[in-house]
Amino acid sequence: VLNGGNCLGVRSLPGRYDTMFIPEHKLSYPDTQPTPLAVVAQSGAFAVARASKLSSLNPRYLVTLGNQLDLTVGDYLHALKDDPDIQVFACYVEGFRPRDGARWLDAAAEITAGGRPVLLYRAGRTPAGQVATASHTASIAGDYAVTRALAEAAGVLVADTLEDFDDLVRLFCLLGEKEVGGLGLGALSNAGFECVAMADNLGPFSLPDFAGATRARLAELLEQARIHDIVGVKNLLDLTPIVDDVGYEQAVRCVLSDPGVDVGVIGVVPMTAALDTVPAGEGHDEDPRHEDSIVMRMARLHAASRKPWVAVVDAGPLYDSMVGLLLERGVPTFRTADRALRLFGRYCAWRRRHPVAPRG
């Protein structure tokens with residue numbers, strides 16, 4: 001059989017096989033165990049661009065197949081669907097070969113029925129995009145609306161933008177088998193504007209009232225921080241810039257442990273002097289790599305939590321290293337609250353319809 005042509009080929013960790021000819025200093029992968037992710041893309045550049053942007057992930061398979069002269073996206077999805085070590089399937093399609101769309105849909109429906117997501121970015125949506133597709137992989141793009149409707153009927157989660165595709169892949173890979181028991185959201189931030197932004201973008205989520213024990217514990221924490229006279233205890237909790245790393249961790253732990261909270265969004269606007277959020281440097285002793293920093297505290301909380309939650313770090317390039325550390329340690333992290341709520345909402349709504357199936 002022939003893979004391609006006009007592609008970069010295949011990177012297979014189980015097969016110890018890599019035909020990607022991108023220099024290592026231009027594209028490196030983390031020295032970690034394989035991520036249970038298979039990326040199947042017609043475009044080689046799309047695949048390596050995703051690998052670069054999703055740099056904390058190490059895909060089990062990275063497949064590019066170009067013009068599909070022989071092997072097709074349907075062939076690959078059928079071949080990979082029976083691999084129990086793949087938990088997330090991410091596909092970039094410019095056009096299906098005749099009758100291969102139905103073959104791909106059959107495989108996708110079988111995968112999603114078992115609680116594993118199939119994510120799709122469908123290119124060639126407009127007349128201009130169809131022209132570009134024809135010149136790129138010589139694919140006939142077909143009707144995007146029909147493709148989307150059929151894919152969603154099969155349980156496929158269709159990404160609206162390339163950035164959405166990246167975020168959805170990251171969410172499903174990093175949240176793993178955490179169970180979305182409901183859509184009751186627990187949320188907090190140290191900035192009032194961010195609490196408002198969360199409230200304005202709830203989507204499928206609701207904001208349950210905290211239980212009595214939760215309220216009592218949060219009131220105690222606010223009093224310890226000496227902000228109890230200016231901040232009330234409520235869901236969408238505003239911690240203000242005064243709360244330090246220890247208090248922040250305690251508040252997050254308390255909110256997530258509330259019996260009415262199923263999922264969480266934790267905002268950290270990092271400019272406050274109360275939190276360790278910037279790399280060590282002259283004139284200060286902060287270091288987010290320190291075990292007592294808010295970054296490491298959140299990472300430990302996330303690893304131990306049975307409830308899925310995401311972080312928001314709304315800040316500029318100075319805080320890229322903080323975001324990178326959170327992602328490296330498995331915490332899905334967004335740069336704005338509205339985007340976090342929108343994509344996390346899509347993730348949770350899909351997961352409610354397709355619960356994680358027991359493995360083995």
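For this chain, numbers begin at 1 and follow the sequence in order. Quick caveat, the model's predicted, so the values are computed rather than measured.
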Partner of Phe344 under ring pair (Phe, Tyr, Trp, His ring centres under 6.0 Å), picked from Phe172, Phe205, Phe334, is Phe205
Ignoring hydrogens, what is the shortest heavy-atom contact between [X] and [Y]? Give both atom names and the distance.
| X | Y | value |
| --- | --- | --- |
| Ile22 | Leu8 | CD1-CD1, 4.4 Å |
| Ser43 | Glu94 | CB-OE2, 4.4 Å |
| Val278 | Pro288 | O-CD, 2.9 Å |
| Arg351 | Gly115 | NH1-O, 2.6 Å |
| Pro30 | Ser55 | CD-O, 3.4 Å |

The complete set of side-chain hydrogen bond (donor to acceptor under 3.5 Å, both in side chains) pairs with one or both residues in residues 263-291, sequence neighbours excluded, reads Glu291-Arg300
For [X], what residues pass the salt bridge (charged side-chain N to carboxylate O under 4.0 Å, His left out) criterion, not counting sequence neighbours?
| X | result |
| --- | --- |
| Asp244 | none |
| Asp258 | none |
| Lys53 | Asp166 |

Mind checking whether [X] and [Y] sit in one hydrophobic cluster, side chains of I, L, V, M, F, W, Y counted as touching below 4.5 Å?
| X | Y | result |
| --- | --- | --- |
| Leu202 | Tyr347 | yes |
| Val118 | Leu80 | yes |
| Val146 | Val156 | yes |
| Ile266 | Val233 | yes |
| Met296 | Val243 | no |

Test side-chain contact (heavy atoms from CB on, under 4.5 Å), reference Val93, set Thr147, Asp100, Val73, Thr72, output is Val73
Residue of the set Ile242, Ile230, Asp238, Leu239 for which side-chain contact (heavy atoms from CB on, under 4.5 Å) holds with Leu222: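 Among Ile242, Ile230, Asp238, Leu239, the one that satisfies the side-chain contact (heavy atoms from CB on, under 4.5 Å) with Leu222 is Leu239.
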Residues that, via side-chain heavy atoms closer than 4.5 angstrom, fall in one hydrophobic cluster with Val196: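 For Val196, no cluster forms, as it stays isolated from other hydrophobic side chains.
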State, yes or no, whether a side-chain contact exists between [X] and [Y] at a heavy-atom distance under 4.5 Å.
| X | Y | result |
| --- | --- | --- |
| Tyr248 | Leu188 | yes |
| Val246 | Arg297 | yes |
| Arg215 | Asp209 | no |
| Arg346 | Asp160 | yes |
| His302 | Leu175 | yes |

side-chain hydrogen bond (donor to acceptor under 3.5 Å, both in side chains) against Arg103, all qualifying residues, sequence neighbours excluded =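 For Arg103 the side-chain hydrogen bond (donor to acceptor under 3.5 Å, both in side chains) partners, ignoring immediate neighbours, are Asp75.
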Residues at least two apart in sequence or cross-chain that pass side-chain hydrogen bond (donor to acceptor under 3.5 Å, both in side chains) with Asn201, listed by chain then number, are none
Electrostatic pair [X]-[Y], nearest N-O below 4.0 angstrom:
| X | Y | result |
| --- | --- | --- |
| Asp167 | Arg339 | yes |
| Lys307 | Asp262 | no |
| Arg60 | Asp85 | yes |

Show every donor-acceptor pair shorter than 3.5 Å between a side-chain atom in residues 9-16 and any protein atom, with sequence neighbours excluded, or say none if there are none.
from	atom 1	to	atom 2	distance (Å)
Arg11	NH1	Asn58	OD1	3.2
Arg11	NH2	Asn58	OD1	3.2
Ser12	OG	Gly15	N	3.0

Enumerate, atom names and distances included, each donor-acceptor pair closer than 3.5 Å involving a side-chain atom of residues 309-331, sequence neighbours excluded.
from	atom 1	to	atom 2	distance (Å)
Asp320	OD1	Arg335	NH1	3.1
Asp320	OD1	Arg335	NH2	3.4

Listed pairs under 3.5 Å, donor-acceptor, residues 105-112 side chains, sequence neighbours left out:
from	atom 1	to	atom 2	distance (Å)
Glu110	OE1	Lys81	NZ	3.3
Glu110	OE2	Lys81	NZ	3.3
Thr112	OG1	Ala108	O	3.1
Thr112	OG1	Ala109	O	3.3
Thr112	OG1	Ala154	O	2.8

Taken in chain and number order and not counting sequence neighbours, the residues that satisfy ring pair (Phe, Tyr, Trp, His ring centres under 6.0 Å) with His78 are none
Taken in chain and number order and not counting sequence neighbours, the residues that satisfy ring pair (Phe, Tyr, Trp, His ring centres under 6.0 Å) with Phe46 are Tyr92, Phe165
